[in-house]
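Read the structure below first, then the notes.
Quantities reported herein were computed from a predicted structural model and do not represent experimental measurements. When a ligand or atom number is given, it counts from 1 through the structure's own listing order.
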Amino acid sequence: MHSPVIAASILSADMSKLGEDTRTVLEAGADFIHVDVMDNHYVPNLTFGPIIVKALRDFGITSTLDVHLMIKPVDRIIPEFAKAGADYITFHPEASENVENTLNLIRECKCKPGLVFNPTTSLDILEHTLDKIDIVLLMSVNPGFGGQSFIESVFDKLKIARKIIDESKYDIRLEIDGGVKVDNIRKIAEAGADTFVAGSAIFGAEDYKSTIKMMREQIALAKN
Ligand code: DX5
Ligand code: ZN
């Protein structure tokens, strides 16, 4: 299992000072920055394009940028996100015409590819793609908005994904996204996640640093 990573989702950051808020959350202890790309087509919301990723890099953000594409189609814009400075690029398999081609394209662009599974999407495709991915992202809310509640059935799905990854010979992160809070992160870690996206729980808190610290303490208490 990988060392735990907290990925702060800037969907809940202060958009009027995105660069500063991103820097602040990193100084407060976040490991990755999670960038939710929404297109008002695959999901009913509209957010960041490659120019925002580039702007964060130009502002001096050097941390890992975890770009979560909730867009359809996906392929055309992937090279632009790579060029702008993305590290991980994940997408929803149902939004791609050919999942293998899209994974290969991300790899050719020198980024780390990953698949995202909605709460009701089957993991069947996972076993056919284990050799091509660096990360699996399980959604624990339906994608589109921050601030939703964690869907309980995803605990069992996390355990299944953990088992599939552990039984493979591949080095793959297991990420969870949606409704992650201080009071459920331990249980999420126990179900097998190692990469924790949190938006409203961090950016909605008075003190980012103490929130991230409490999250890490809870993860450390997890019994696997
Ligand atoms: C939802 C996004 C999430 C979102 C999570 O579609 O993919 O990354 O920012 O927000 P919280 O942590 O508030 O549930
Ligand atoms: Zn996300």
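Among all protein heavy atoms, the one lying closest to atom 12 (O) of ligand 1 is G199 N, 2.8 Å. Counting protein heavy atoms only, atom 6 (O) of ligand 1 is closest to G144 N, 2.8 Å. Summary of contacts: the protein heavy atom closest to atom 13 (O) of ligand 1 is S200 OG, 2.5 Å. Among protein heavy atoms, the minimum distance from atom 14 (O) of ligand 1 is reached at G179 N, 2.8 Å.
In this structure, K187 is positioned above the aromatic face of F155, its NZ or CZ under 6.0 Å from the six-membered ring centre and within 45° of the axis.
Numbered from 1 in the order shown, with element, the atoms of ligand 1 that lie under 4.0 Å from a heavy atom of M70 read 6 (O), 7 (O). Near D36, meaning under 4.0 Å from one of its heavy atoms, ligand 1 places the atoms 2 (C), 3 (C), 4 (C), 7 (O), 8 (O), 9 (O). The D177 neighbourhood of ligand 1 comprises atoms 2 (C), 3 (C), 4 (C), 5 (C), 7 (O), 8 (O), with distances under 4.0 Å to a heavy atom of that residue. For ligand 1 and M139, the ligand atoms under 4.0 Å from any heavy atom of the residue are 7 (O). The contact set between ligand 1 and L11, taken as ligand atoms under 4.0 Å from a residue heavy atom, comprises 4 (C), 9 (O). Here is the list of ligand 1 atoms found below 4.0 Å of a heavy atom in H34: 8 (O). For ligand 1 and F145, the ligand atoms under 4.0 Å from any heavy atom of the residue are 1 (C), 6 (O). Close contacts between ligand 1 and V197 involve ligand atoms 8 (O) [criterion: under 4.0 Å to a heavy atom].
Residues S140 and K157 bring no donor and acceptor atom of their side chains to less than 3.5 Å of each other. Between the side chains of T120 and N118, not a single donor N or O lies within less than 3.5 Å of an accepting N or O. A donor atom on one side chain and an acceptor atom on the other are not found under 3.5 Å apart for D75 and S96. Side-chain contact, H68 with D66: no donor N or O sits under 3.5 Å from an acceptor N or O.
Closest non-hydrogen pair, F150 versus G179, comes out as CB-O, 3.7 Å.
The CD atom of E100 lies 10.0 Å from the CD1 atom of I125; values are rounded to the nearest 0.5 Å.
Looking only at protein N/O/S atoms, the ones less than 2.8 Å from the Zn ion (ligand 2) make 4 in total.
The shortest N/O to N/O separation between A201 and ligand 1 does not fall below 3.5 Å.
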Go through L174 and L158 one step at a time and tell me if the side chain to side chain contact (heavy atoms under 4.5 Å, CB included) criterion holds. CA-CA 8 Å; L174 180 53; L158 266 174; 3.9 Å; yes

Could you walk me through whether L137 and H34 pass the side chain to side chain contact (heavy atoms under 4.5 Å, CB included) check? CA-CA 12 Å; L137 171 47; H34 182 85; 4.2 Å; yes

Steps toward side chain to side chain contact (heavy atoms under 4.5 Å, CB included) verdict (F32, D87): CA-CA 10 Å; F32 291 1; D87 294 295; over 6 Å; no

What do the steps show when you test E152 against V154 for side chain to side chain contact (heavy atoms under 4.5 Å, CB included), and what is the final call? CA-CA 5 Å; E152 295 279 318; V154 180; over 6 Å; no

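The option with the heavy atom closest to atom 10 (O) of ligand 1, from among G146, A13, S9, is G146.
Ligand 1 lies within reach of G147, whose nearest heavy atom is under 4.0 Å from it.
Tested against Y88 for a side-chain contact (heavy atoms from CB on, under 4.5 Å), the candidates L65, D134, V67 yield a single pass: D134.
One finds a salt bridge joining R216 and D31 here, because a Lys/Arg side-chain nitrogen approaches an Asp/Glu carboxylate oxygen to under 4.0 Å.
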